[in-house]
There are 2 protein chains.
Amino acid sequence: MNTLSYGLLSMLSYAPFSGYDLMQKIQPFWPAKHSQIYPLLAQLERDGYIQHELVVQPDKPDKKVHSLTDLGREALSQWLSQPACPPVTRDELSLKIFCMNEGDPVDIQRLLEQRVEYCREKLVWFHAKSELFAHKRMDSSPGIVLLMRRALFSFQSELDWAEWALKELRGEG
Amino acid sequence: MNTLSYGLLSMLSYAPFSGYDLMQKIQPFWPAKHSQIYPLLAQLERDGYIQHELVVQPDKPDKKVHSLTDLGREALSQWLSQPACPPVTRDELSLKIFCMNEGDPVDIQRLLEQRVEYCREKLVWFHAKSELFAHKRMDSSPGIVLLMRRALFSFQSELDWAEWALKELRGEG
DNA sequence: ATTGCCATGTAAAAGGTTACATGATTCC
DNA sequence: GGAATCATGTAACCTTTTACATGGCAAT
């Protein structure tokens with residue numbers, strides 16, 4: 001079973017969800033399109049890790065609500081006990097900065113400004129989310145609290161770097 | 001042309017390299033195996049972006065040393081002027097932390113300790129590299145300096161987070 | 001009216017990993 | 001003697017993206 005499959009089981013460890021919900025929820029951790037998720041859900045059901053119930057909705061399309069079976073829960077905890085694969089990041093910006101000598105310095109500055117903006121947006125989003133959890137006492141599990149804080153750490157450090165890099169390029173270093 | 005192709009052109013903007021060299025050099029920015037790189041190099045040559053020269057080595061296997069053509073250099077600077085795709089990260093650890101309720105807390109602590117170790121190793125490596133550049137006055141281009149610093153920023157923030165998370169789990173928060 | 005969200009699926013293409021294949025040299 | 005490095009390639013497989021396909025409801 002591949003990592004995305006375990007990812008789907010991970011999401012379902014909280015509550016039953018539709019494929020559509022799962023697709024949205026898994027994005028921050030393991031980006032995937034619906035075309036990849038629906039077939040995997042069918043496979044997970046064939047293999048006995050999940051089951052589904054058809055929920056008829058009057059205003060919206062019917063949906064399949066998937067939930068973990070005992071076998072699925074077992075598979076999850078067994079997977080948790082094994083070491084995690086090293087993270088993989090692919091960022092076009094790195095490559096562009098690497099060969100920035102080849103282009104117009106203004107292009108590189110624009111790229112960095114875009115990255116600054118991107119990080120700021122992410123930070124606003126995560127700050128809003130974590131305030132929701134703090135104030136309104138939402139269903140914040142220990143895992144989500146850890147991941148939230150990591151996102152804040154990592155986007156902040158990327159933002160700091162990008163701003164520093166812009167200063168360097170403008171000769172203010 | 002895909003991003004890996006531009007990545008290869010980016011590496012070649014510094015100097016001519018063999019496919020084997022390129023495979024190693026591109027790893028930090030855009031992980032790829034040799035089986036993906038060799039066919040792409042052939043294609044880039046067919047399309048006129050690079051050319052190669054056969055270099056015979058007495059002690060080691062012969063190699064093809066690839067270099068940018070004018071067309072390749074043009075393609076690079078045109079690519080630099082366009083916005084970069086958003087970065088993509090896939091980290092199994094995120095998923096495991098997300099559903100950590102399902103498993104033994106000791107498993108999660110072990111995973112975080114492994115991540116701490118991983119970050120420390122990376123930091124040691126990047127610090128060594130950047131000292132090399134600083135002291136021995138190596139061929140440090142502006143791009144490489146920026147990327148080096150980013151690596152230090154990002155691994156440090158991941159390390160800080162993982163150590164904070166371990167404290168939280170041990171109830172020292 | 002058109003865009004966007006909800007909801008599910010399949011098919012084709014592109015991107016990426018693992019395995020197969022070869023062979024000399026160097027280091028332990 | 002066995003593993004690691006250098007060096008290039010192909011084939012099979014798995015993963016991921018893009019495109020095809022459908023259709024109702026809500027909001028601007």
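Everything quoted here is computed from the prediction, not taken from an experiment. Throughout, protein chains are lettered first and strands after them, A, B, ... in sequence-line order, and every chain is numbered starting at 1. The figures that follow rest on heavy atoms only: side chains count, while hydrogens, waters and symmetry mates do not.
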Nearest-Å distance for atom pair [atom1]/[atom2], residues [X] and [N]:
X	N	atom1	atom2	answer
B:Tyr38	C:dA21	OH	P	19 Å
B:His52	D:dA7	NE2	C1'	13 Å
B:Leu41	D:dT10	CG	C1'	15 Å
A:Gln43	D:dT15	CD	C1'	12 Å
A:Leu40	C:dG9	CG	P	12 Å
B:Met23	C:dT17	CE	C1'	13 Å
A:Asp62	C:dC5	CG	P	21 Å
A:Gln27	D:dT16	CD	P	12 Å

Original post:
Under the criterion side-chain contact (heavy atoms from CB on, under 4.5 Å), which of A:His127, A:Glu121, A:Lys129 is the partner of A:Trp125?
Top reply: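 Of all the options given, the one that passes is A:Lys129.
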Write down the protein N/O and nucleotide N/O pairs, taken from nucleotides 13-15 of chain C, whose separation is under 3.5 Å; answer none if there are no such pairs.
unit_1	atom_1	unit_2	atom_2	d
C:dG15	OP2	B:Asn2	ND2	3.3

**OP:** Hey, which sits more toward the 5' end of DNA chain D by its nearest nucleotide, B:Lys64 or B:Val88?
**Re:**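 The residue whose closest nucleotide sits nearer the 5' end is B:Lys64.
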Subject >> Closest-nucleotide ordering on DNA chain D, the 5'-leading residue of B:Arg90 and B:Gln24 >> reply: B:Gln24
**OP:** Just call it for B:Lys33: base, sugar-phosphate, or nothing, with non-hydrogen atoms closer than 4.0 Å on any strand.
**Re:**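 If one applies the 4.0 Å heavy-atom cut-off, B:Lys33 turns out to touch a base.
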**OP:** Could you check B:Glu113 against B:Arg170 for salt bridge (charged side-chain N to carboxylate O under 4.0 Å, His left out), going step by step and ending with a plain yes or no?
**Re:** CA-CA 12 Å; B:Glu113 283 156 9; B:Arg170 291 171 184 142; 2.9 Å; yes
Subject >> CD (B:Glu53) with more than 12 external heavy atoms under 6.0 Å >> reply: no
**OP:** Anything under 30° is parallel, anything over 60° is perpendicular, the rest tilted; go ahead and classify A:Phe29 against B:Phe98.
**Re:** tilted
**OP:** Could you work out which one of C:dT8, C:dA19, D:dT8 sits closest to the side chain of B:Tyr20?
**Re:**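 For the B:Tyr20 side chain, the nearest candidate turns out to be D:dT8.
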**OP:** Identify whether NZ of Lys or CZ of Arg in A:Arg149 sits under 6.0 Å from the centre of the six-membered ring of B:Trp164 and within 45° of that ring's axis.
**Re:** yes
Original post:
For C:dC6, does OP1 or OP2 lie under 4.0 Å from any side-chain N or O of A:Gln57?
Top reply: no
Original post:
Got a donor-acceptor pair under 3.5 Å from the side chain of B:Ser18 to the base of D:dT8?
Top reply: no
**OP:** Check A:Lys64, A:His52, A:His66, A:Gln51 against A:Glu45 for a side chain to side chain donor-acceptor pair (under 3.5 Å) and give me the one that passes.
**Re:**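 When A:Lys64, A:His52, A:His66, A:Gln51 are each tested with A:Glu45, the side chain to side chain donor-acceptor pair (under 3.5 Å) holds only for A:His52.
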Original post:
Side chain of A:Gln27, backbone of A:Pro31: donor and acceptor closer than 3.5 Å?
Top reply: no
Original post:
Is the backbone of B:Leu159 close enough, under 3.5 Å, to the side chain of B:Arg115 for a donor and an acceptor to pair up by distance?
Top reply: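 Side chain of B:Arg115 to backbone of B:Leu159, a donor-acceptor pair under 3.5 Å: no, none is there.
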At a cut-off of 3.5 Å, list every protein nitrogen or oxygen paired with a nitrogen or oxygen from nucleotides 20-23 of chain D, distance to 0.1 Å.
none

Original post:
Can you tell me how far CG of A:Leu4 sits from OG of A:Ser10, rounded to the nearest 0.5 angstrom?
Top reply: 10.0 Å
